[in-house]
Amino acid sequence: MSSAPDSTPRPAGSREGAPVRPPVDGGSPGAAAAGGPGPAPGPSARRSVLTWEAGCFVAIGIVSTAGQALLYWLLRGWWPPAAANLVSLLVLTVLNTEANRRLTFRHTAAPPVRAHLGAGALFLLGYLLTSGAVLGFRRAVPGASPAAETAVLAAASVAVTVVRFLVLRLAVFRRPGRRRA
């Protein structure tokens with residue numbers, strides 16, 4: 001028994017028979033190919049976008065936090081805490097921002113310069129907060145091991161990440177038509 005041909009519009013360059021993935025912005029599958037965004041996304045589509053963004057951001061954040069903690073731990077053998085944190089945070093912020101630009105917020109088409117400049121301001125905030133946490137911990141527990149410092153750094157990074165997601169989503173990667181809060 002054969003089924004009727006699929007009449008779903010396909011984006012340019014897609015294969016016949018390949019599944020059509022609905023767009024992340026809630027528009028119709030062929031809207032991008034037709035040059036328009038399609039109808040305004042309803043509440044369900046907005047929740048879907050937020051779920052995608054939050055899920056991607058968390059996954060990238062976990063990898064980034066682990067990478068930063070590992071790099072910090074390695075550098076901490078030679079450098080003081082503030083220097084090790086600066087380098088590890090700088091390297092992972094650039095990688096994290098690019099991953100989020102390409103995956104999490106890919107539907108916004110934010111230019112790389114805007115994304116990285118916006119993330120740069122957040123980098124400064126993140127550096128101050130995470131360094132403050134590590135240095136405060138070292139003052140409170142002078143004989144703490146680099147592994148304990150790394151745990152404090154990771155916990156502080158989680159708090160910074162929540163703020164980072166909100167700022168990136170609402171300001172840096174704001175979709176056209178989305179009002180500023």
Side-chain angles (χ1 to χ4, degrees), residues 23-26 46-181:
V24 175
D25 66 358
R46 283 190 295 266
R47 268 192 307 274
S48 176
V49 168
L50 179 59
T51 300
W52 169 263
E53 288 176 350
C56 267
F57 197 84
V58 166
I60 291 168
I62 289 169
V63 171
S64 296
T65 300
Q68 181 195 1
L70 177 62
L71 187 55
Y72 173 85
W73 184 70
L74 291 171
L75 294 174
R76 188 58 187 92
W78 297 283
W79 296 351
N85 186 34
L86 178 66
V87 172
S88 65
L89 187 60
L90 181 62
V91 168
L92 269 298
T93 295
V94 170
L95 296 173
N96 177 289
T97 300
E98 192 59 22
N100 279 309
R101 186 182 74 80
R102 291 174 181 245
L103 299 172
T104 306
F105 302 110
R106 70 185 185 275
H107 60 280
T108 63
V113 171
R114 178 179 173 193
H116 287 281
L117 285 176
L122 292 168
F123 165 80
L124 182 59
L125 173 69
Y127 176 70
L128 292 173
L129 291 174
T130 56
S131 289
V134 170
L135 294 174
F137 177 72
R138 283 183 50 84
R139 178 173 279 202
V141 186
S145 70
E149 288 177 15
T150 302
V152 169
L153 178 76
S157 292
V158 169
V160 168
T161 297
V162 172
V163 172
R164 182 175 157 78
F165 175 74
L166 292 172
V167 172
L168 287 175
R169 185 171 197 276
L170 297 174
V172 176
F173 293 106
R174 187 180 67 250
R175 279 180 288 181
R178 183 190 286 171
R179 289 188 208 161
R180 288 186 182 190

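One N or O on the side chain of R114 and one on the backbone of V172 form a donor-acceptor pair closer than 3.5 Å. A donor-acceptor pair is defined here as one N or O able to donate and one able to accept, closer than 3.5 Å; such a pair exists between the side chain of S88 and the backbone of N85.
Separating the CG atom in L95 from the CD1 atom in I60 is a distance of 11.0 Å, to the nearest 0.5 Å. Between the CZ atom of R106 and the CZ atom of R101 there is a distance of 13.0 Å, given to the nearest 0.5 Å.
Taking every heavy atom of both residues into account, L135 and P81 meet most closely at CD2-CB, 4.3 Å. For the residue pair T104 and N100, the shortest heavy atom distance occurs at OG1-OD1, 2.6 Å. Scanning all heavy atoms of the two residues, the minimum distance from A115 to T97 falls at O-CG2, 3.7 Å.
Between F123 and L86 the shortest side-chain heavy-atom distance falls below 4.5 Å. Considering only heavy atoms from C-beta on, E53 comes within 4.5 Å of V49 through its side chain. Between W79 and V87, some side-chain heavy-atom pair lies under the 4.5 Å cut-off. For the pair T93/R164, a side-chain contact is recorded, criterion being any heavy-atom separation below 4.5 Å from C-beta on. Counting heavy atoms from C-beta on, the side chains of L122 and L168 come closer than 4.5 Å.
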| query | Would L89 and T130 satisfy side-chain contact (heavy atoms from CB on, under 4.5 Å), going step by step from the backbone distance to the final call? | reply | CA-CA 9 Å; L89 187 60; T130 56; 4.1 Å; yes
Indicate every side-chain donor-acceptor pair of residues 145-158 with a distance under 3.5 Å to a residue at least two apart or in another chain.
unit_1 : atom_1 : unit_2 : atom_2 : d
S145   : OG     : A147   : N      : 3.4
S145   : OG     : A148   : N      : 3.1
E149   : OE1    : Y72    : OH     : 2.7
E149   : OE1    : R76    : NE     : 2.9
E149   : OE2    : R138   : NH1    : 2.7
T150   : OG1    : P146   : O      : 2.7
S157   : OG     : Q68    : OE1    : 3.4
S157   : OG     : L153   : O      : 2.9

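Under the ring pair (Phe, Tyr, Trp, His ring centres under 6.0 Å) criterion, F165 pairs with F57, not counting sequence neighbours.
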